[in-house]
Every structure is written in C-alpha cells, then in structure tokens.
Amino acid sequence: EQNNNIVVDRTFKTENSKPIPKPCPEFYYAFHQYPEILEEIKKVGFEKPSPIQAQAWPVLLSGEDLIGIAQTGTGKTLAFLLPALIHIDGQLGRREDRGGPAVLVMAPTRELALQIDKEVKKYQYRGITSICIYGGGSRRDQVKVVTQGVDIVIATPGRLNDLVAAGHLDVRPVTYVVLDEADRMLDMGFEPQIRKIMYAIRPTRQTVMTSATWPPGVRRLADSYMCDPVQVYVGTLDL
Ligand code: ADP
Ligand code: MG
C-alpha cells in the first residue's frame with residue numbers, strides 16, 4: 001500500500017449524485033453472503049482486498065457503474081469478476097430463457113481474455129459457464145458454444161463483433177458489461193467495434209471500465225456508456 005494513494009469520486013459529478021459506498025477492508029464485508037467465494041479466496045491465500053477491490057466491490061455489488069484506473073497488477077480482474085459472478089447468481093433462475101450471456105467482458109488481447117476466463121473457471125461458482133472468444137480461435141467452436149448458451153462471454157472486440165453481426169451471438173440479454181483495459185482497446189483501434197457492440201446492449205445494464213490511463217478517448221467512451229460512474233484512481237497516474 002506504500003504507493004497506493006487512492007482517489008475516489010463520481011466522474012461526472014452533479015449535485016444529485018448519491019454518496020459513494022464505503023470501501024470494504026476485509027473480504028468478509030463484501031462476500032459474507034457468498035461462502036463459496038470466501039472459501040476460494042482463502043484457498044488462494046490472499047490476505048485482504050487490494051485498494052481497488054476494496055473500493056470496487058461495494059460499488060459494484062450495489063449495482064452502480066465503476067471506472068477503475070490503476071496500473072497493471074493491482075487486482076482489477078477480481079474487482080469486476082466477483083461481482084459479475086454474484087450478478088449472474090441472482091439470475092440463475094432465468095438462465096434457460098435468457099437467450100444469451102448475462103455478462104460480457106471485452107479485453108484488448110487474446111492473452112488477457114484467456115487470463116480472465118481462467119479466473120472465472122477457477123471459481124467454479126454455482127455452475128456458471130464462460131467462453132473466451134478471440135480472433136484466431138476456431139470460429140466454429142466458438143459459435144457452437146455461444147449458441148448452446150453461456151453465462152459469461154469474454155472476448156476481444158473484433159471477433160465478438162463478427163459473431164454479433166452474423167447473428168451467432170445475441171448480446172441483448174447482457175446486463176453486466178466490462179470494458180477491460182479500455183485505453184489499450186482504443187489504442188488497438190477497437191473503438192468502432194466496441195461502439196457497435198455497446199449499441200446492441202440494453203442501456204439498463206451495469207457497466208465497468210478499467211484503464212491504466214485516462215486520456216480523452218477513454219473519457220468519451222465512459223461518457224457514452226456509463227451512468228453516473230464511481231471513479232477509483234489508484235497510484236500515480238499519467239493523466
Ligand atoms: P490487473 O488486472 O490490475 O493488472 P490482476 O487482476 O491481473 O491485475 O491481478 C494481478 C495479480 O494479483 C494476480 O496474480 C492476482 O491473482 C493477484 N491478486 C488479485 N487480488 C489480490 C489480493 N487481494 N491479494 C493478493 N493478490 C491478489
Ligand atoms: Mg487486468
């Protein structure tokens with residue numbers, strides 16, 4: 001925590017903005033209703049939430065949008081993933097007639113997408129299923145699993161947009177979206193695909209964005225798709 005100065009605020013603050021939920025100092029505060037999650041955290045041996053997790057979990061569990069700005073290695077994956085599992089858990093009864101994933105995570109590269117998918121599968125939470133979709137992967141296999149129905153889709157924006165445009169994947173049932181490493185996705189030229197995909201998702205979704213930096217392009221993306229987001233900065237920032 002030596003270097004973890006943390007700043008928390010509403011990105012587009014107005015006089016009507018609600019107070020920001022208090023951070024959770026221990027895993028127990030966020031997940032006491034979810035013993036399987038606490039058990040898994042215990043198994044991996046983490047001592048306490050990282051600063052971004054401590055702030056993100058209460059915000060996301062209360063259904064609000066969040067922007068997490070922090071360097072690599074600050075624990076952003078679990079910051080958005082554990083609330084995603086709980087989000088799906090609340091809808092398991094409706095899984096059969098949902099017709100598409102409840103959670104969509106967009107990530108800039110195949111490696112990052114696979115890493116996130118691995119994390120989901122490690123938790124094996126209440127039978128929640130996930131699929132990783134990326135350019136270069138077997139399109140046929142991906143289409144097959146997608147059409148069979150999964151709870152979480154983790155994808156790079158290019159291939160994801162192909163599947164959505166071809167009608168293989170319906171993103172309308174998505175109610176929780178993550179734009180992971182938004183700055184890198186924009187640097188890689190994925191903005192048009194991201195915008196097409198976001199356009200197809202209901203505006204009533206919950207949206208999470210992570211980024212290492214906060215340039216104007218990322219800010220515009222947040223402005224387009226997020227609803228009164230809580231913004232968490234961790235560490236020294238290159239603004
Ligand atoms: P980021 O997405 O911010 O780059 P990751 O989510 O990939 O960071 O996490 C970086 C590393 O920190 C991973 O190895 C992860 O398992 C570990 N980690 C995550 N949360 C904690 C925690 N609360 N305590 C200790 N290590 C953690
Ligand atoms: Mg990450």
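As the structure lists them, so they are numbered: ligands from 1, and atoms in each ligand from 1. What you see is a predicted model; the values in this text were computed from it and never measured. Below, each value reflects all heavy atoms present in this structure, side chains not excepted, and no hydrogens, waters or symmetry copies.
Close approach to Phe27 involves these atoms of ligand 1, each under 4.0 Å from a residue heavy atom: 23 (N). Per-residue contacts place Gln71 under 4.0 angstrom from the following atoms of ligand 1 (heavy atoms of the residue considered): 3 (O). Annotation for ligand 1: atoms under 4.0 Å from non-hydrogen atoms of Lys48 are 22 (C), 23 (N), 24 (N). The contact set between ligand 1 and Thr74, taken as ligand atoms under 4.0 Å from a residue heavy atom, comprises 1 (P), 3 (O), 8 (O). Atoms of ligand 1 found under 4.0 Å from any heavy atom of Thr72, numbered from 1 in the order shown, are 4 (O).
For ligand 1, the polar-atom distance check against Gln115 finds no nitrogen or oxygen pair separated by under 3.5 Å. Among the atoms of Lys76, some N or O lies under 3.5 angstrom from an N or O of ligand 1. Here's the thing with Gly73: one of its N/O atoms is less than 3.5 angstrom from an N/O atom of ligand 1.
Looking only at side-chain heavy atoms (C-beta outward), Val164 and Lys196 stay at 4.5 Å or farther from each other. By the 4.5 Å heavy-atom criterion applied to side chains, Leu66 and Val232 are counted as neighbours. No side-chain heavy atom of His168 sits under 4.5 Å from any side-chain heavy atom of Asp162. In this structure, Ile152 and Ile131 have side chains that are not in contact, with every pair of non-hydrogen atoms separated by 4.5 Å or more.
Nearest protein heavy-atom neighbour of atom 8 (O) of ligand 1: Gly75 N, 3.2 Å. Among all non-hydrogen protein atoms, the one lying nearest atom 20 (N) of ligand 1 is Gln53 NE2, 2.8 Å. The protein atom (non-hydrogen) at minimum distance from atom 5 (P) of ligand 1 is Thr77 OG1, 3.6 Å. Atom 17 (C) of ligand 1 has Phe46 CZ, 3.9 Å as its closest protein atom, hydrogens excluded (heavy atom only).
Side-chain atoms of Gln91 and Thr175 form a donor-acceptor pair, as typed in the model, at a separation below 3.5 Å. Side-chain atoms of Tyr225 and Arg195 form a donor-acceptor pair, as typed in the model, at a separation below 3.5 Å. For the 3.5 Å distance criterion, the side chains of Arg205 and Thr207 qualify, holding a donor opposite an acceptor.
Taking a distance limit of 4.0 Å, we find that atom 26 (N) of ligand 1 is approached by some protein heavy atom. For atom 10 (C) of ligand 1, the nearest protein heavy atom lies closer than 4.0 Å.
Residue Lys122 qualifies as enclosed at atom NZ: its count of foreign heavy atoms under 6.0 Å is above 12.
Ligand 1 lies out of reach of Glu47, whose nearest heavy atom is not under 4.0 Å from it. Residue contacts with ligand 1 include Ser50, since one of its heavy atoms falls under 4.0 Å from the ligand. Heavy atoms of Glu119 come nearer than 4.0 angstrom to ligand 1 in no pair at all.
Residue contacts with ligand 1 for Phe80 are absent, since no atom lies close enough (heavy atoms, distance under 4.0 Å).
A side-chain contact (heavy atoms from CB on, under 4.5 Å) with Met185 is found for exactly one of Thr156, Leu221, Val218, Ile194, namely Ile194.
Between Tyr125 and Tyr34, the ring planes are perpendicular. Angles over 60° get that label, and only those under 30° would be called parallel. The aromatic rings of Phe31 and Trp57 sit perpendicular, their planes meeting at an angle over 60°, well past the 30° parallel limit.
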